[in-house]
2 protein chains.
Amino acid sequence: MSGLHLDIKDCGQCPIRHRAVCSRCEPDELETLESIKYYRTYEAGQPILWSGDHLEFVASVVTGIATLSQTMEDGRTQMVGLLLPSDFIGRPGRDSSPFDVVAVSDVTLCCFRRRPFEDLMISTPHIGNRLLEMTLDELDSAREWMLVLGRKTAREKIASLLLIVARRDASLRKNHPSDGMAFDLPLTREAMADYLGLTLETVSRQISALKKSEIIELQGKRRVIVPDLDALVAETGDDFDGGPIA
Amino acid sequence: MSGLHLDIKDCGQCPIRHRAVCSRCEPDELETLESIKYYRTYEAGQPILWSGDHLEFVASVVTGIATLSQTMEDGRTQMVGLLLPSDFIGRPGRDSSPFDVVAVSDVTLCCFRRRPFEDLMISTPHIGNRLLEMTLDELDSAREWMLVLGRKTAREKIASLLLIVARRDASLRKNHPSDGMAFDLPLTREAMADYLGLTLETVSRQISALKKSEIIELQGKRRVIVPDLDALVAETGDDFDGGPIA
DNA sequence: GCGCGGCCTTGACCAGGATCAAATAAGCTC
DNA sequence: GAGCTTATTTGATCCTGGTCAAGGCCGCGC
């Protein structure tokens with residue numbers, strides 16, 4: 001779910017390694033990428049971008065969690081994306097963000113100055129093609145989430161979110177999700193509510209209900225243990241949910 | 001809202017004219033586009049694609065209305081996009097659609113065979129860049145719709161949908177939306193419900209309520225008259241809704 | 001004209017989640 | 001460890017929108 005995705009892996013060139021962008025890059029292109037790259041850090045709770053802000057960079061998340069959201073004047077807010085390490089921030093060709101980006105935990109971004117990045121994209125078709133692919137993935141994720149928001153019950157929504165976090169966590173750690181997996185919830189109850197179109201009280205109640213049904217166990221407030229992944233999947237209302245970990 | 005958007009305008013070359021794709025094309029590229037182009041028609045209610053189907057073409061809607069949706073096993077369905085004339089169907093680089101596409105009215109598509117279209121895209125960066133731009137627009141629309149699904153009341157949802165249809169209709173006709181606009185609802189109450197995450201009864205009730213509040217007038221079941229567009233905008237809950245007609 | 005089948009509206013009732021309120025737990029500062 | 005603050009849980013009550021059911025409207029075929 002969400003955030004244009006760049007694999008962060010060793011390509012033998014970048015200190016922070018954007019394999020997907022640079023694996024097919026020529027040395028001079030890599031040099032250009034290096035020359036327009038810099039790092040920024042944000043503390044938990046800090047805004048990274050407000051909607052409408054001028055965008056001076058595109059970036060990918062190196063560490064930490066950020067959210068993409070929009071807020072109505074009366075304060076109702078809806079999260080539209082969850083940005084985890086390796087997700088991409090920014091819109092090549094656009095000079096402002098239509099959404100707010102907020103650091104949920106401490107966040108480190110690897111930024112590329114926007115103009116030169118766009119120039120590179122235009123002169124280097126495989127970068128543009130990769131971005132198109134990532135954007136199409138994002139679009140699919142967004143549309144899948146619409147089903148969650150529009151048609152699922154509170155319990156199904158919570159199960160869907162837990163599953164996404166569980167899978168994402170497992171794929172980062174290369175765990176086998178065979179049976180028995182544990183992970184930390186990166187979000188407060190309120191942030192979960194904003195993601196799911198619920199109130200924080202309902203989120204709390206449904207998490208308690210899933211615990212009572214022994215679908216999940218809790219260690220403290222944030223750590224979740226899923227003894228049987230299939231049982232969790234069954235709670236989402238989908239029969240099989242977007243395939244394996246991916 | 002939704003569907004990759006290709007302007008259908010006269011570029012002096014195509015019978016059905018994809019200005020956005022071909023305005024920067026060289027004659028030989030146009031010739032290629034022509035050679036891989038064909039038309040298909042579907043009757044109202046017919047499926048165009050089932051989710052998972054092999055995709056043999058990308059296409060743009062010439063006439064009629066189609067919807068993009070997903071359905072859970074128990075029958076709950078959520079529409080994730082509304083495809084109006086000039087909208088784009090298909091996913092370059094993907095060989096199956098993750099969603100169902102259904103003709104709501106009689107539909108004519110202008111199709112391009114997928115493989116050669118992709119080849120052309122790879123050899124012709126401006127087509128890929130245009131597709132990236134369209135996809136980013138789609139993604140923004142999808143995310144804006146998440147706010148509607150997750151946080152708006154039934155009345156606000158209806159108003160939001162009416163506004164989208166009104167604006168889209170106006171922009172196709174080049175009307176001035178100054179004051180007093182009229183349009184036909186392209187969707188049944190049930191389809192509106194599926195788009196908005198409501199039931200058809202609630203849709204019907206809220207439309208009646210808007211009529212009673214004199215925000216809209218009805219001629220028959222489908223034709224809507226909006227005497228004061230600002231009054232409708234006020235019902236959406238947004239202060240200003242994604243800017244002017246766009 | 002009559003009957004039929006879609007589509008739409010309206011009513012009565014119900015329930016899932018929101019709202020309001022309070023208590024509990026977990027950090028953090030000093 | 002006492003006293004904050006903030007996150008979370010839980011309870012009581014309310015209300016929006018869902019569910020179930022009955023009619024109305026309209027076009028269409030005969």
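Letters go in sequence order (proteins before strands), and every chain restarts at 1. Just the heavy atoms: all of them, side chains too, but no hydrogens, waters or symmetry mates, feed the values below.
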Please classify the nucleic acid contact of A:Leu198 as base, sugar-phosphate, or nothing, using heavy-atom distances under 4.0 Å.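 The residue A:Leu198 makes sugar-phosphate contact but no base contact.
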At 4.0 Å (heavy atoms only), tell me whether A:Gly45 reaches a base, stays on the sugar-phosphate, or touches nothing.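 If one applies the 4.0 Å heavy-atom cut-off, A:Gly45 turns out to touch nothing in the nucleic acid.
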In terms of side-chain geometry, is the basic nitrogen of B:Asp184 or B:Arg223 positioned less than 4.0 Å from the acidic oxygen of its partner?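 Result for this pair is yes, salt bridge flagged.
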When you match B:Glu190 and A:Thr153 each to their closest nucleotide on DNA chain C, which lands nearer the 5' end?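 Looking at the nearest nucleotide for each, B:Glu190 comes out on the 5' side.
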Need to verify one output field. Residue with the more 5' nearest nucleotide on DNA chain C, A:Gly197 or B:Lys211?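 Looking at the nearest nucleotide for each, B:Lys211 comes out on the 5' side.
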Can you measure [X] atom [atom1] to [N] atom [atom2] for me and round it to whole angstrom units?
X	N	atom1	atom2	result
B:Leu200	D:dG18	CG	P	10 Å
A:Ile207	D:dA7	CD1	C1'	12 Å
B:Gln206	D:dT16	CD	P	10 Å
B:Leu196	D:dG18	CG	C1'	15 Å
B:Lys152	D:dG17	NZ	C1'	18 Å
B:Asp194	D:dG18	CG	C1'	14 Å
B:Ile158	C:dT9	CD1	P	10 Å
B:Arg223	C:dC8	CZ	C1'	19 Å

Does [X] place a side-chain N or O at less than 4.0 Å from the phosphate oxygens OP1/OP2 of [N]?
X	N	result
B:Ser208	C:dT10	yes
A:Arg189	D:dT9	yes
B:Ser204	C:dT9	yes
B:Thr199	D:dG18	yes
A:Thr202	C:dA18	yes
B:Arg222	C:dC8	yes

Could you please name the option among C:dA21, D:dG17, D:dC20 that lies closest to any side-chain atom of A:Glu201?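 Among the listed nucleotides, the one closest to the side chain of A:Glu201 is C:dA21.
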C:dA25, D:dG17, C:dT9: which one has an atom nearest the side-chain heavy atoms of B:Leu218?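 It is C:dT9.
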How many angstroms lie between [atom1] in [X] and [atom2] in [Y], if you round to the nearest 0.5 Å?
X	Y	atom1	atom2	result
A:Leu84	A:Ile164	CG	CD1	10.0 Å
B:Asp106	B:Glu43	CG	CD	6.5 Å
B:Arg151	A:Asp74	CZ	CG	10.5 Å

Between the base of D:dG11 and the side chain of A:Arg205, is one N or O donor paired with an acceptor at under 3.5 angstrom?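 Under the 3.5 Å cut-off, the side chain and the base do form a donor-acceptor pair.
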Compare all side-chain heavy atoms of A:Leu83 with those of A:Thr67 and state whether any distance is below 4.5 angstrom.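 With C-beta onward as the side chain, the pair stays apart.
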I want to confirm an ordering. Mapping A:Arg151 and A:Lys221 to their closest nucleotides on DNA chain D, which one lands closer to the 5' end?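 Looking at DNA chain D, the more 5' nearest nucleotide goes with A:Lys221.
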Just do the side chain to side chain contact (heavy atoms under 4.5 Å, CB included) check on B:Met192 and B:Leu198 with the steps written out, would you? CA-CA 8 Å; B:Met192 288 190 256; B:Leu198 297 171; over 6 Å; no
